[in-house]
Amino acid sequence: MNLPLKLLGYLAALAGYVTAFNVNCNSNYASYYGQNSAGNQKTLGSYCQDATEDVIVLAFMNGFPNVMLNFANACETTFSGSSLLHCPSIAADIKYCQSQGKAVVLSMGGASGSYGFSSDAQGSQFADTVWDMFFKGSAAQRPFDDAVLDGIDLDIEGGSTAGYAAFISQLRTHYASDPSKQYYIASAPQCPFPDAYLGSSLNSAWFDMVFVQFYNNYCGVNAYPTWFNFADWDNWAKTQSVNKNVRVFIGVPGSPSAASSGYIDGSSLNTIYSAVRSNYSSLGGIMTWDVSQSRTSGLASSIRAMLNSSGSCGNGGGGTTATYSSASLTSSTSSASVSSSTSSTPAGYSSSVSTSSAVSSSSSSSSAAATSTSSPPACPVNGAPCTGNQQGCNGQSYALCNQGTWYVAPCAPGTYCFMSGSTATCDWANGRQTNTCVISRAMSIRKRLDLTSVSAITAANLRPKPASAIANIPTRVEFVAGEITDNKYTMVVKIQANKSAFTGNWQISFTLPSGQTANSTSRGYLGLNGNTITVNSNRNIEWPQNMAAVFKITGTFTDKYALPNTSSAVFVST
């Protein structure tokens with residue numbers, strides 16, 4: 001017997017099975033619907049008959065301010081004499097999904113379409129249009145008839161960056177006019193931080209949820225833990241976001257065919273989710289692209305199971321922060337908390353060091369000491385005695401043993417010290433524990449400088465424009481030192497831009513410090529003219545959807561090693 005969806009919803013509610021979506025949970029599951037990515041997309045209502053997803057994101061309004069909708073095979077009818085979609089069946093399904101306690105939001109943007117605002121005024125004006133067409137307004141043509149959505153999602157992957165903050169501000173004014181219902185603002189930035197299109201809006205407008213796309217990029221879940229950068233987004237949520245309780249979701253592909261790169265299985269995702277949940281209170285849950293892919297692959301059921309077994313709700317996100325009682329991290333000779341100023345704990349050690357994870361990538365015995373509940377490891381302290389050519393880390397400072405005493409200096413702003421073998425390296429956190437306290441064994445390695453240099457390249461004059469070049473693209477370039485032994489070095493180059501920067505050929509050039517030469521690159525083709533190094537992409541192996549390029553340069557040096565000055569870097573995309 002097949003019961004109507006409305007009746008099913010009523011019976012479920014009567015039985016007490018319906019739980020309303022709670023944005024404060026860290027166990028929420030959001031998935032996109034509408035683009036039939038797997039080729040077997042069902043009706044919206046059919047995905048709401050169980051408790052798998054908590055948020056359904058309709059994809060997409062891929063044209064604005066001249067409204068254009070695309071829901072693939074889910075809706076293909078239009079208003080008479082108009083090209084605007086009219087979707088009565090989706091309207092009925094929206095109401096049913098909401099009766100099941102799910103939030104339904106409309107995503108604006110997408111990978112293709114004609115959209116964007118020319119000014120704040122246009123963005124603000126379009127918020128009135130959206131309210132009238134999809135919420136409590138009274139537009140003559142409403143694609144979902146009298147169904148009222150729960151919010152808007154911004155998946156901006158092209159066009160201008162103007163007007164979005166003004167759009168959100170005006171839309172929230174409309175939200176406030178209806179206190180009977182909870183409305184939401186969401187976004188879906190790429191994982192490289194800051195996002196090329198939404199970066200400024202994320203810092204100046206209110207967002208309730210951020211579905212970070214941790215795929216198709218160097219910082220995806222498939223790069224965990226080395227490059228996975230949830231820490232950057234957690235830091236944004238707590239220090240830069242207008243809404244300090246914004247929830248950050250781990251966005252993943254629903255199956256191997258759902259994205260160019262970044263798919264991981266349920267077991268691997270559970271490992272990452274558990275680690276993030278334990279350390280970052282901004283976590284809101286998991287997002288997948290898209291529901292047809294995740295349901296077909298079975299990943300959706302795995303996600304629901306892991307969220308049910310370990311997630312939680314509550315004020316402040318329901319997650320745990322990496323703090324522990326003094327009893328678990330107290331020195332064996334002291335009853336005081338490690339964070340106490342009167343404790344005998346070595347300077348620089350923090351009580352927020354997790355006792356359940358390794359402190360760094362170092363395989364030395366000091367890593368084991370970092371996880372001990374009886375005695376924390378010694379931190380290198382400037383002027384204290386050391387042995388041979390030891391190196392070490394003290395949070396945001398690196399340390400070198402110089403003639404029997406420690407020389408401790410700060411890393412570049414925003415970076416932290418990590419051990420790579422026996423070498424101390426300043427780098428971005430990328431999800432790793434940041435209050436590292438590690439000292440290497442005495443090794444025969446060279447002394448070094450502060451080995452992290454970073455700069456944002458945004459000036460137009462740093463982007464040459466040959467005839468076939470696209471418009472100027474804000475680009476961020478980082479140089480991070482790798483292994484340095486004798487006179488040989490390895491350096492990691494990270495280039496972050498928007499997606500269109502990698503749709504054709506790209507090139508980066510920069511100047512090596514005096515006394516350095518380059519021998520090879522792990523990506524593209526290497527050229528060297530004096531001290532100027534050039535790396536050209538190999539178009540045959542580049543993913544056009546990438547927003548970043550990460551590769552290694554190897555070479556030799558004389559005297560002391562230093563990183564290139566990022567002011568010499570020029571990035572060109574054609």
Side-chain angles (χ1 to χ4, degrees), residues 30 32 37 109-112 153-158 161 187-199 202 210-237 248-264 268-269 272-273 275-276 280 286-290 293 414 427-432 454 456-457 473-480 492-504 506 508 522-524 535 537-539 541-552 571 573:
Y32 283 74
S37 177
S112 62
D153 166 62
L154 298 178
D155 181 11
I156 309 304
E157 301 183 35
T161 61
S187 66
Q190 304 282 331
C191 62
F193 184 87
D195 183 81
Y197 291 106
L198 285 170
L202 286 168
V210 178
F211 308 131
V212 182
Q213 299 179 48
F214 287 105
Y215 50 92
N216 288 343
N217 280 296
Y218 77 94
C219 43
V221 288
N222 57 316
Y224 176 87
T226 306
W227 300 110
F228 178 65
N229 68 336
F230 193 96
D232 292 338
W233 290 97
D234 178 76
N235 180 68
W236 163 81
V248 181
F249 285 61
I250 304 171
V252 298
S255 77
S257 62
S260 298
S261 64
Y263 174 77
I264 59 174
S268 300
L269 180 56
I272 297 173
Y273 169 74
V276 172
Y280 303 108
I286 294 173
M287 174 275 283
T288 56
W289 173 268
D290 67 352
Q293 295 274 8
D427 193 5
W428 300 98
N430 293 317
R432 292 174 289 181
V454 62
I457 298 178
I473 295 176
T475 304
R476 178 190 180 98
V477 175
E478 301 175 24
F479 299 117
V480 180
V492 178
V493 182
K494 306 178 190 177
I495 311 170
Q496 299 177 26
N498 63 37
K499 185 185 301 182
S500 58
F502 298 94
T503 57
W506 56 263
I508 184 170
S522 63
R523 186 170 185 172
V535 177
S537 63
N538 180 350
R539 187 65 188 87
I541 61 172
E542 291 290 329
W543 285 106
Q545 281 116 356
N546 279 353
M547 290 179 67
V550 180
F551 54 92
K552 292 182 179 180
F571 177 71
S573 175

Novice: Could you tell me whether a side-chain N or O of Asn216 sits under 3.5 Å from a main-chain N or O of Ser260, the two making a donor and an acceptor?
Specialist: yes

Novice: So, for Cys219 and Phe214, which heavy atoms are closest and what is the spacing to 0.1 Å?
Specialist: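 Closest pair (atom of Cys219, atom of Phe214, distance): O-CD2, 3.5 Å.
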
Novice: Looking at every heavy atom in both Ala237 and Val248, which two are closest together, and how far apart are they?
Specialist: CB-CG2, 4.1 Å

Novice: Spell out, as yes or no, whether a donor-acceptor pair under 3.5 Å connects the side chain of Gln213 to the backbone of Ala188.
Specialist: yes

Novice: Taking Phe571's backbone N and O only, do any of them form a donor-acceptor pair with Trp506's side chain (distance below 3.5 Å, no angle check)?
Specialist: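 Checking the backbone N and O of Phe571 against the side chain of Trp506, no donor-acceptor pair under 3.5 Å is found.
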
Novice: Would you say Asn222's side chain and Tyr263's backbone share a donor-acceptor pair under 3.5 angstrom?
Specialist: no

Novice: Do the non-hydrogen side-chain atoms of Ile495 and Phe551 ever get within less than 4.5 Å of each other?
Specialist: yes

Novice: Please evaluate residues Tyr224 and Phe230 with respect to the criterion side chain to side chain contact (heavy atoms under 4.5 Å, CB included), reporting the C-alpha separation (whole Å), side-chain torsions for both, the decisive distance (0.1 Å), and the verdict.
Specialist: CA-CA 10 Å; Tyr224 176 87; Phe230 193 96; over 6 Å; no

Novice: Kindly determine whether Tyr215 and Val221 satisfy side chain to side chain contact (heavy atoms under 4.5 Å, CB included), including the steps that lead there.
Specialist: CA-CA 7 Å; Tyr215 50 92; Val221 288; 5.7 Å; no

Novice: Of all residues at least two apart in sequence or in a different chain, which pass the side chain to side chain contact (heavy atoms under 4.5 Å, CB included) check with Ala258?
Specialist: Pro253, Ser255, Trp289, Gln293

Novice: With rounding to the nearest 0.5 Å, note down the distance linking CG in Asn229 to CH2 in Trp236.
Specialist: 13.0 Å

Novice: Asp195 side chain to Leu198 main-chain N or O, any donor-acceptor pair under 3.5 Å?
Specialist: yes

Novice: For a quick test of reading the model, state the closest non-hydrogen atom pair linking Gln190 to Asn217 and the distance between them.
Specialist: OE1-ND2, 2.9 Å

Novice: For Thr161, check side chain to side chain contact (heavy atoms under 4.5 Å, CB included) against everything at least two apart and list the hits.
Specialist: Tyr197

Novice: Under 3.5 Å, is there a donor on one side chain and an acceptor on the other for Asp153 and Tyr32?
Specialist: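 Asp153 vs Tyr32: donor-acceptor pair found between side chains.
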
